[in-house]
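Take a look at the structure set out below.
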Amino acid sequence: MSTENEEPHLSSAATCISLRHLGKTFGPVYTHQSFDDERIRGHQPFDDAIARTTRAAETLHSQRSSLSTHAQQEADDNGQPLARVPHKSFQHHETATHRIAVSVVLAPSCRTCAMTIQTELKKRPRAMSGSASDVSVSDSDVSSSRPSSPYVIRSPCAAKRQRLSRRRGESDEESCSSSPFSRMGSSSILERLESLGGGVDPSGGAGRFGSPLPPSAVSGRMPLPTSSNTMVFHPLPSGKTRRRRMDIDEVMGRAVRALPPLVRCDHCLSSFGDCADNSASAVSSLVQLRSVDHVENDYLDAPIGTVLHEYQRPIKDITSGATIEMGDFVLCLADGKDPVATQYHNQVQNLALWFIENASNVDLSANEDGGYWKVLYVFRKHAAEKDHTDTHRDRVIPPSSPLLKRAVETFYSTSETLLSLFSRRLSPRSNLEEAIRGSNAPTRAESSASPEKNGSFRYSLVGYMTLHHFFSQYKKPTAGTVMRMCQVVVLPPYQRTGHGKVMMYGVHDIAGGMYDGILAPCAEQRGDIVEVDVEDPAIEFTSLRDRVDYEIIRDSIASDSRSLLGTNAIGSSVFHSDFYLPLAANDAIIASATAKISPSQIQIALELYKRQVLDEQIERLTADKKKKLTAKRKSIAKLEAMFEVMVKKRLFKLHREDISGCGGKNEKEEVLAYLYTETLKHYRSVLGSRRR
């Protein structure tokens, strides 16, 4: 079986989980921090979810095959194509006993969520052949007050008794007298079931989830003797060992690691169908602090932080990518020392575990090594409904409130903490700041426009970027504060519409002092912001970063062609070797101080600029009808060779240690050629969508 596709969003756990935000459904990307091996032990997705993931995997495989000239279909020993599975985690489906679907409703503000877990047995047990006595239950052995057994199957020792009776002439009763179950009655078995917390209640009462468990709630089975020829299997806890099915409580507990505080969770035990087709007893509430309607209408009454500027972007359909409407968005900067921002970020930052491979929670109030945190938020602006009122608007939590202190300093991990925190709702941000800072102190909400203060708009989360500031004593040419972009999250419904670029330009504008007039002075900042850096960027974020840096260098060259960058980039002809000289190290440091990006990024952005100039020249050569085709090819090959040498020199310095470890000269050249090919693909991808 081929498992060529190893994309994390195609995993079994990711297929089981769906997230819904403002009516748009999407799935997580990374699930390894919540579920081991990216699967829910003992469960598999429903068939429709598997079909969607399989189609997505086949589409991805087709796209990769079309780009590769050496792609071949894998085959078995007989030459038949191997069956392809979307992800290696799908291999455990053969041993899974249940299907599961975890549906999460995110609040528009993403500070709360509701969850529904639906489970179902994979298939009905096969009817066993035999006499009526082998598949019947004696009324005298099973009390009528106890729920009927979900499955009555033939005893595994019945066949053995029949074989013994044929050989020795013994009766069934005599051959089964040594069975351990023949020495214990129904009451003792039920006592053991109840001591283990199973879903069987002799009085017909509720199971451990607070409602009678239907037949499909079977999580484990233990034999209960009812007659000499039959055994009835009743539910038992699924257990906590690796060999057993993951308990529903554990599924919920693992899922909430990557979710905002959970205020409602329902478990739907469906018997070979949807929840709607079953009785009310098939649904049990595991957590019930708020209703689903409350979660779906949990907007922010005002943006978190200081509003920097507003802009518009298209709202696209996730499936087709078609533009539905134009939306209004606001870019805000929040201080990590602000308790309101800290509390809100503690609620929403768990979502990063779904979308960032190595995400971790950030304590915004931490001040390690003199550094400090800020968060750049993007919120979508909605017109408030006429009946949208906040019943908790007049509640103000005083500065000494233990609730506020606990909300800032701790993470909501237990149901007791959830109950205590969500039994009350924080007041609007302006009232809370007034209570903390004093009634006469100005608040940042006062800098917002009048519609925000009048409550005519409400806001939902689009994404955020955490910014860590620290002092760099040895930064050249002058020491100062470095602003580092750490974690960037944009919810899938808003991806590929320019919000990430808006945040990155916002960071550069903040570093350049564009918002000094509306931002409060930062006491922790030492000197000016001298550089904007990125912490361990992913591949997608590297493309975004290079695109923005390229545009910054492009605009700088256009505004001052006599600068160091302009002289290096356009001071010579494309056909001259000086055009392909890298920027000197000292000049790169000076240019980085002006652009506030690292010297290494200066070189990359400059290569992108030269690649763009080179592509334009190649297009002109190709369109020139006066030159012969042979002359055109020679000229283009010469230009490409000079650009290749320039890039390979930088790559060799960057990967010197790895390349030096190669065996011979040919192997080193192959590695360097591979690095250049991948770099050129990356450059073409960046330049393909370079508009701001």
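This structure is a prediction, so every number in the text was calculated from the model and none was measured.
Other residues, nucleotides and ligands contribute only 12 or fewer heavy atoms inside 6.0 Å of the CE atom of Met514. Taking a 6.0 Å sphere around CG of Asp560, one finds it holds more than 12 heavy atoms contributed by other residues, nucleotides or ligands. Taking a 6.0 Å sphere around OH of Tyr674, one finds it holds 12 or fewer heavy atoms contributed by other residues, nucleotides or ligands. Taking a 6.0 Å sphere around CG of Asp317, one finds it holds more than 12 heavy atoms contributed by other residues, nucleotides or ligands. Around atom CZ of Arg620, more than 12 heavy atoms belonging to other residues, nucleotides or ligands sit under 6.0 Å away. Applying the 6.0 Å contact sphere to CD of Gln312 captures more than 12 heavy atoms from other residues, nucleotides or ligands. Heavy-atom neighbours of Leu629 CG from other residues, nucleotides or ligands within 6.0 Å: above the threshold of 12.
Put simply, the side chain of Ser592 does not reach to within 4.5 Å of the side chain of Ser598, judged on heavy atoms. Between Val307 and Ile518, the closest side-chain pair of non-hydrogen atoms is not below 4.5 Å. His382 places none of its side-chain heavy atoms less than 4.5 Å from the side chain of Asp328. Put simply, the side chain of Lys316 does not reach to within 4.5 Å of the side chain of Ile324, judged on heavy atoms. In this structure the side chain of Phe379 never reaches within 4.5 angstrom of the side chain of Val462, judged on heavy atoms. Contact annotation: the side chain of Thr306 never approaches that of Tyr515 to less than 4.5 Å [non-hydrogen atoms, C-beta and beyond]. Put simply, the side chain of Glu7 reaches to within 4.5 Å of the side chain of Leu60, judged on heavy atoms. A 4.5 Å side-chain heavy-atom check between Val330 and Val378 finds every atom pair outside the cut-off.
Minimum interatomic distance between Ser34 and Arg257 (heavy atoms only, all atoms of both residues): O-NH1, 3.6 Å. Minimum interatomic distance between Gly506 and Leu331 (heavy atoms only, all atoms of both residues): CA-CD2, 4.1 Å. Of all heavy-atom pairs between Ser660 and Lys668, the closest is O-CE, 4.1 Å. In this structure, Val574 and Leu639 approach most closely via the heavy-atom pair O-CD2, 3.5 Å. Closest approach of Met326 and Ile315 over heavy atoms only: C-CG1, 4.4 Å. The two residues Pro537 and Phe541 make their nearest non-hydrogen contact at CB-CD2, 3.8 Å.
Distance alone, capped at 3.5 Å, places no donor-acceptor pair between the Ser556 side chain and the Ile553 backbone. The closest donor-acceptor contact from the side chain of Trp354 to the backbone of Ala258 lies under 3.5 Å. In this structure, the side chain of Ser685 does not engage the main chain of Lys681 through any donor-acceptor pair within 3.5 Å. Under a 3.5 Å cut-off, the side chain of Thr323 and the backbone N or O of Glu325 do not form any donor-acceptor pair. Of the possible polar contacts, one joining the Gln525 side chain to the Gly527 backbone as a donor-acceptor pair under 3.5 Å is found.
Look at Glu616 and Arg611 and you find no salt bridge, because none of the NZ, NE, NH1 or NH2 atoms lies under 4.0 Å from a carboxylate O. A salt bridge links Arg99 and Asp47; the closest N-O separation between the charged side-chain nitrogens and carboxylate oxygens is under 4.0 Å.
There is a side-chain donor-acceptor pair under 3.5 Å between Tyr377 and His345. Side-chain contact check for Asn350 and Asn361: at least one donor-acceptor pair (N or O, by modelled atom type) lies under 3.5 Å. In the model, Asp546 has a side-chain atom that pairs as donor or acceptor with a side-chain atom of Gln601 under 3.5 Å. Between the side chains of His468 and Tyr372, not a single donor N or O lies within less than 3.5 Å of an accepting N or O. For the residue pair Glu551 / Tyr505, a side-chain donor-acceptor distance below 3.5 Å is found, with atom types taken as modelled.
Put simply, CG on Asp658 and CG on Leu651 are 12.0 Å apart, with the number rounded to the nearest 0.5 Å. The distance from the OG1 atom of Thr466 to the CD atom of Gln349 is 8.5 Å, given to the nearest 0.5 Å. If you take CD1 on Ile539 and CD on Glu357, they are separated by 9.0 Å, rounding to the nearest 0.5 Å. For the atom pair Phe643 CZ and Tyr580 OH, the distance stands at 8.5 Å (nearest 0.5 Å). To the nearest 0.5 angstrom, Leu519 atom CG is 5.5 Å from Leu308 atom CG. Here the CD1 atom belonging to Ile570 is positioned 5.0 Å from the OG atom belonging to Ser561, to the nearest 0.5 angstrom.
Relative to the ring axis of Phe579, Lys610 places its NZ or CZ within 45° and under 6.0 Å from the centre.
Partners of Tyr683 under the ring-ring contact (aromatic ring centres under 6.0 Å, His included) rule, at least two apart in sequence or in another chain, do not exist in this structure. For Asp578, the side-chain contact (heavy atoms from CB on, under 4.5 Å) test picks out Ser572, His576, Leu581, with sequence neighbours left out. With sequence neighbours excluded, the residues forming a side-chain contact (heavy atoms from CB on, under 4.5 Å) with Gln603 are Pro582, Leu583, Ala588, Arg650, listed by chain and number.
Here the options are Lys596, His508, Arg547, the test is side chain to side chain contact (heavy atoms under 4.5 Å, CB included), and the partner is Ile552; only His508 passes.
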Throw together a table of side-chain donor-acceptor distances under 3.5 angstrom for residues 630-637, partners on residues two or more places apart or in other chains.
from   : atom 1 : to     : atom 2 : distance (Å)
Lys632 : NZ     : Thr622 : O      : 3.3
Lys632 : NZ     : Asp624 : O      : 2.4
Ser635 : OG     : Ala631 : O      : 3.0

What pairs of donor and acceptor atoms, side-chain ones from residues 477-498 against any protein atom, are under 3.5 angstrom apart with sequence neighbours left out?
from   : atom 1 : to     : atom 2 : distance (Å)
Thr481 : OG1    : Arg526 : N      : 3.4
Thr481 : OG1    : Arg526 : O      : 2.9
Arg484 : NH2    : Asp533 : OD2    : 3.0
Gln487 : NE2    : Ser360 : O      : 2.9
Gln495 : NE2    : Val490 : O      : 2.8
Thr497 : OG1    : Tyr494 : O      : 2.6
Thr497 : OG1    : His499 : NE2    : 3.3

Review item, side-chain donor-acceptor pairs of residues 8-17, under 3.5 Å, at least two apart:
from  : atom 1 : to    : atom 2 : distance (Å)
Ser11 : OG     : Pro8  : O      : 3.1
Ser11 : OG     : Ala14 : N      : 3.2
Ser12 : OG     : His93 : NE2    : 2.9
Thr15 : OG1    : Ser11 : O      : 2.7
Thr15 : OG1    : Thr53 : OG1    : 3.0

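Aromatic rings of Phe90 and His92 (six-membered ring for Trp) have centroids beyond the 6.0 Å cut-off, not under it.
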**Worked check of side chain to side chain contact (heavy atoms under 4.5 Å, CB included) between Leu353 and Tyr30** = CA-CA 7 Å; Leu353 298 177; Tyr30 300 100; over 6 Å; no
**Request:** Output, in order, the C-alpha distance, side-chain angles, deciding distance and verdict of side chain to side chain contact (heavy atoms under 4.5 Å, CB included) for Asp615 and Arg684.
**Result:** CA-CA 10 Å; Asp615 288 342; Arg684 295 192 185 281; 3.9 Å; yes
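Ring planes of Tyr311 and His309: tilted class, angle from 30 to 60°.
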